[in-house]
**Q** 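Quick one: structure below, then a few questions.
Source: prediction; values computed, not measured.
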Amino acid sequence: MLKVENLTIKFGGLTAVDNVNFEIERGSIFGLIGPNGAGKTTCFNMITGVYRPTSGRVIFNGNEIHGMEPFRINALGIARTYQNINLFKKMTVLENTLVGFHTQSKAGLAAAIFRFSSQQKEETSIREKSMEILRFMGLAGKANLPASGLSYGEQRRLEISRAMASNPSLLLLDEPAAGMNSKEKADLSNTIQRIRDRGITILLVEHDMKLIMRVTQTICVLNFGKKIAQGEPGYIQNHKEVVEAYLGSGIDG
C-alpha cells in the first residue's frame, strides 16, 4: 500500500531523515519507533505533505505523492493524528467529527447557501456516518458535549474519530497513547486492532513498547534519522542495536 524509498530531508546543515526505506502491506499494523529526535514524526510529515522531502519518494497505491499538498493526500485516502491534541475545543464532539468529512463532501457553495435537497441529504448522511464512528469509538453518548469537556483519553479518541471521518485506507497515528493511563492504553490497543479489522491499514508511532509489541506485525526502528532495524516484534525486541539506541551502549552481552 505504502512504499517509502530513500526518503531524506535536510534542514540547513541537519539531516533529520537520512535515506529511509520501508513498505507497508495493506491490512497490517506497522510500527515506526525510535528514541526522541529519531525522525519518526518528520517521516509522518513527509508522507502527509506537511514537509517536502529533499530527496526520495513516497508511493501510495502505486502513485507518487511526495510533495503534494496535505489536503490532496488526505483526499487520496491518508489521514493522521498528531502528537499534541489538536481539537476544536469549543465545538461539540459531533462537530469535530463532522469536520473530518470535508474532503468527502460533494455539495458546492450554492447548494450550501440555498439548501438544495441534495445538500440536505448529504448532510444527513454525513451526520449518520459521524455518529456511527462515535459509537465505534465509544463517544456517541457525549456527541453534544464540547470537546473541552472530554477527559484526556477521550480527546485522544476523538482525534482518531475525526481522522477516520475522512474515510482513509491508511491511518497514521502519532503517539496516540501519550499521556494515557494503563486502562486507557489497554482500551486503545483494542481500538487500534478493531480499526484495522474495519479494513484500515495503520502506521503507528508510539513510545509505549508494550502497546507496540502487542498490536504490530512489523516494526521499523529509526535512530538519528537512519533506519537501524526492521522486522517482527520479537526480532526487534532482542536486536542489539535497537536495545543500545534506547538504553545506551553499556549493556552486558
**Q** For residues L170 and I195: do they belong to one hydrophobic cluster (side chain heavy atoms under 4.5 Å, members Ile, Leu, Val, Met, Phe, Trp, Tyr)?
**A** no

**Q** Applying ring pair (Phe, Tyr, Trp, His ring centres under 6.0 Å), can you list everything that pairs with Y51, at least two apart in sequence or on another chain?
**A** F11

**Q** Hey, is the main chain of I59 close enough, under 3.5 Å, to the side chain of E64 for a donor-acceptor pair?
**A** no

**Q** Can you see which heavy atom on I228 is nearest to which on A245, and at what distance?
**A** CD1-CB, 4.0 Å

**Q** Determine whether a donor-acceptor pair (N or O, by modelled atom type, separation under 3.5 Å) exists between the side chain of N238 and the backbone of G234.
**A** yes

**Q** Is there a side-chain contact between R156 and M180, using heavy atoms and a 4.5 Å cut-off?
**A** yes

**Q** When you compare the side chain of I33 with that of M209, does any pair of heavy atoms fall below 4.5 Å?
**A** yes

**Q** I'd like to know if the side chain of T92 and the backbone of E95 have a donor-acceptor N/O pair within less than 3.5 Å.
**A** yes

**Q** Roughly how far, to the nearest 0.5 Å, is the OG1 atom of T216 from the CD atom of Q193?
**A** 10.0 Å

**Q** Please report the interatomic distance CD1(I133) to CZ(R198), rounded to the nearest 0.5 Å.
**A** 6.5 Å

**Q** I'd like to know whether E132 forms a salt bridge (Lys or Arg N to Asp or Glu O under 4.0 Å) with R135, so could you lay out the CA-CA distance, the side-chain angles of the two residues, the decisive distance to 0.1 Å, and finally the verdict.
**A** CA-CA 5 Å; E132 190 279 325; R135 281 191 291 272; over 6 Å; no

**Q** Hey, does I212 have a side-chain heavy atom less than 4.5 Å from the side chain of P233?
**A** no

**Q** Does D208 offer a backbone N or O that forms a donor-acceptor pair with the side chain of E206 under 3.5 Å?
**A** yes

**Q** Give the minimum heavy-atom separation between G39 and V17, together with the two atoms involved.
**A** O-CG2, 3.7 Å

**Q** Check for a donor-acceptor pair, side chain of N21 on one end and backbone N or O of N19 on the other, with a separation under 3.5 Å.
**A** yes

**Q** How long is the straight-line distance from SG of C220 back to CG of L222, given to the nearest 0.5 Å?
**A** 5.0 Å

**Q** Main chain of T54, side chain of T8: is a donor-acceptor contact present, judged purely on distance under 3.5 Å?
**A** no

**Q** Do you know the tightest heavy-atom contact between L203 and I47?
**A** CD2-CD1, 3.9 Å

**Q** Nearest 0.5 Å please: distance from the OG1 atom of T201 over to the CE atom of M1.
**A** 3.5 Å

**Q** Between the main-chain N or O of G100 and the side-chain N or O of S166, is there a donor-acceptor pair closer than 3.5 Å?
**A** no

**Q** Could you tell me which non-hydrogen atom of M91 sits nearest to which non-hydrogen atom of N96, and how far apart they are?
**A** O-ND2, 3.4 Å

**Q** Is the backbone N or O of P35 less than 3.5 Å from a side-chain atom of K40, with the two atoms forming a donor-acceptor pair by type?
**A** yes

**Q** Please answer: with hydrophobic residues joined when any side-chain heavy atoms are less than 4.5 Å apart, are M131 and L87 in the same cluster?
**A** yes

**Q** Applying salt bridge (charged side-chain N to carboxylate O under 4.0 Å, His left out), can you list everything that pairs with K89, at least two apart in sequence or on another chain?
**A** none

**Q** For the hydrophobic clusters of this structure (ILVMFWY residues joined by side-chain heavy atoms under 4.5 Å, transitively), does one cluster hold both L145 and L94?
**A** no

**Q** If you look only at pairs with a residue in residues 212-236, which of them pass as a ring pair (Phe, Tyr, Trp, His ring centres under 6.0 Å), with sequence neighbours excluded?
**A** Y235-H239

**Q** Please evaluate residues K210 and K185 with respect to the criterion side-chain contact (heavy atoms from CB on, under 4.5 Å), reporting the C-alpha separation (whole Å), side-chain torsions for both, the decisive distance (0.1 Å), and the verdict.
**A** CA-CA 10 Å; K210 288 184 179 179; K185 288 179 180 180; over 6 Å; no

**Q** Should F136 and S161 be marked as a side-chain contact (heavy atoms from CB on, under 4.5 Å) after you check the CA-CA gap, both sets of side-chain angles, and the distance that decides it?
**A** CA-CA 9 Å; F136 176 81; S161 299; over 6 Å; no

**Q** Begin from the C-alpha positions of I65 and L76 and carry the test side-chain contact (heavy atoms from CB on, under 4.5 Å) through to its verdict.
**A** CA-CA 9 Å; I65 63 169; L76 289 173; 3.8 Å; yes

**Q** Report the distance from atom CD1 of I24 to atom CD1 of I202, rounding to the nearest 0.5 Å.
**A** 10.5 Å

**Q** Could you tell me which non-hydrogen atom of S169 sits nearest to which non-hydrogen atom of F60, and how far apart they are?
**A** OG-CZ, 3.4 Å

**Q** What is the minimum heavy-atom distance between A229 and V242, and which atoms define it?
**A** CB-CG2, 3.7 Å

**Q** Quick check: do R80 and L173 have side-chain heavy atoms less than 4.5 Å from each other?
**A** no

**Q** Within the structure provided, determine whether V20 and N6 are in side-chain contact (heavy-atom separation under 4.5 Å).
**A** no

**Q** Do N86 and T81 touch side chain to side chain, with heavy atoms closer than 4.5 Å?
**A** no

**Q** Would a hydrophobic clustering, with Ile, Leu, Val, Met, Phe, Trp and Tyr connected at side-chain separations under 4.5 Å, put L7 with V50?
**A** yes

**Q** More than 12 foreign heavy atoms under 6.0 Å from CZ of R52: is that the case here?
**A** no

**Q** Treating H66 as the side-chain partner and R57 as the backbone partner, does any N or O pair qualify as donor plus acceptor under 3.5 Å?
**A** no

**Q** Between Q217 and I29 (side chain of the first, backbone of the second, donor and acceptor by atom type, cut-off under 3.5 Å), is there such a pair?
**A** yes

**Q** R157: which residues meet the salt bridge (charged side-chain N to carboxylate O under 4.0 Å, His left out) condition with it, sequence neighbours left out?
**A** none

**Q** Please answer: with hydrophobic residues joined when any side-chain heavy atoms are less than 4.5 Å apart, are M46 and L204 in the same cluster?
**A** no

**Q** Going by atom types only, do S151 and E154 share a side-chain donor-acceptor pair under 3.5 Å?
**A** yes

**Q** Run the side-chain contact (heavy atoms from CB on, under 4.5 Å) check on K227 and V221 step by step: do they pass?
**A** CA-CA 6 Å; K227 175 180 170 179; V221 188; over 6 Å; no

**Q** The test is side chain to side chain donor-acceptor pair (under 3.5 Å); show your working for Q83 and T41 and say whether it passes.
**A** CA-CA 8 Å; Q83 282 185 14; T41 296; 2.6 Å; yes

**Q** Would you mind listing every ring pair (Phe, Tyr, Trp, His ring centres under 6.0 Å) that reaches into residues 30-49, with sequence neighbours excluded?
**A** F22-F30

**Q** Report yes if the side chains of F101 and N167 come closer than 4.5 Å at any heavy-atom pair, otherwise no.
**A** no

**Q** Return the CE to OG1 distance between M137 and T191, rounded to the nearest 0.5 Å.
**A** 5.0 Å

**Q** Going by the rule salt bridge (charged side-chain N to carboxylate O under 4.0 Å, His left out), which residues pair with E232 if we only count those two or more places apart in sequence or in a different chain?
**A** none

**Q** Checking side chain to side chain donor-acceptor pair (under 3.5 Å) for the pair E25/S28: CA distance, chi angles, key distance, verdict?
**A** CA-CA 6 Å; E25 296 292 331; S28 67; over 6 Å; no

**Q** Could you check whether any side-chain heavy atom of L158 comes within less than 4.5 Å of a side-chain heavy atom of L139, counting everything from C-beta outward?
**A** yes

